[in-house]
Amino acid sequence: MSGDCGCEAAKTNLEEYLRNEVCKTDAADIRAHLETCPSCQGEADLSRTLTEVIQRACKESAPQDLRDQVLERLRSIQASHS
């Protein structure tokens, strides 16, 4: 990317940028673009919010009785295929 980072480049690499998966040069270019582009900043904010919500949801666990029912069903399926 290096150098001029427009909206298309920023949006194409936004998810990788938010996960710190782009090189430092590209990250600096995207960060500079986000500071001056309200549209891309809004998209970045939305992506961050969605990621946080999904991460919180993934930390929740099913009620114990549901987990027991699922495990019992899996064992039953495995036993019938053995």
Checklist outcome for this item: Rounding to 0.5 Å, atoms CG (L66) and OG (S61) come to a distance of 10.0 Å
Checklist entry - To the nearest 0.5 Å, what is the distance between CG (L50) and CD (Q55)? => result 11.0 Å
Checklist entry - Closest heavy-atom contact between L34 and Q41? => result O-OE1, 3.2 Å
Checklist entry - Side chains of C37 and C7: closer than 4.5 Å at any heavy-atom pair? => result yes
Checklist entry - Are more than 12 heavy atoms from other residues, nucleotides or ligands located less than 6.0 Å from atom CD of E8? => result no
Next on the checklist: Rounded to the nearest 0.5 Å, what separates atom CG in L18 from atom CD in E43?
Outcome noted: 9.5 Å
Checklist entry - Got a second to check how far E21's CD is from D26's CG, nearest 0.5 Å? => result 13.0 Å
Next on the checklist: Testing the basics here: between E15 and S47, what is the closest heavy-atom pair and its distance to 0.1 Å?
Outcome noted: OE2-OG, 3.1 Å
Checklist outcome for this item: Residues at least two apart in sequence or cross-chain that pass side chain to side chain contact (heavy atoms under 4.5 Å, CB included) with P38, listed by chain then number, are none
Next on the checklist: Starting from V53 and following side-chain heavy-atom contacts under 4.5 Å between hydrophobic residues (I, L, V, M, F, W, Y), which residues can be reached?
Outcome noted: none
Item to check | Contacts of R56 that satisfy side chain to side chain donor-acceptor pair (under 3.5 Å) - sequence neighbours left out | outcome: none
Checklist entry - Quick one: does R73's side chain get under 4.5 Å of V70's, heavy atoms only? => result no
Checklist entry - Minimum heavy-atom separation for H33 to G6, with atom names? => result CE1-C, 3.6 Å
Checklist entry - Can you check whether E72 reaches D68 side chain to side chain, under 4.5 Å on heavy atoms? => result no
Checklist entry - Any side-chain heavy atom of E16 within less than 4.5 Å of one from C23? => result no
Checklist entry - Would you call I30 and N13 a side-chain contact if the rule is heavy atoms closer than 4.5 Å? => result yes
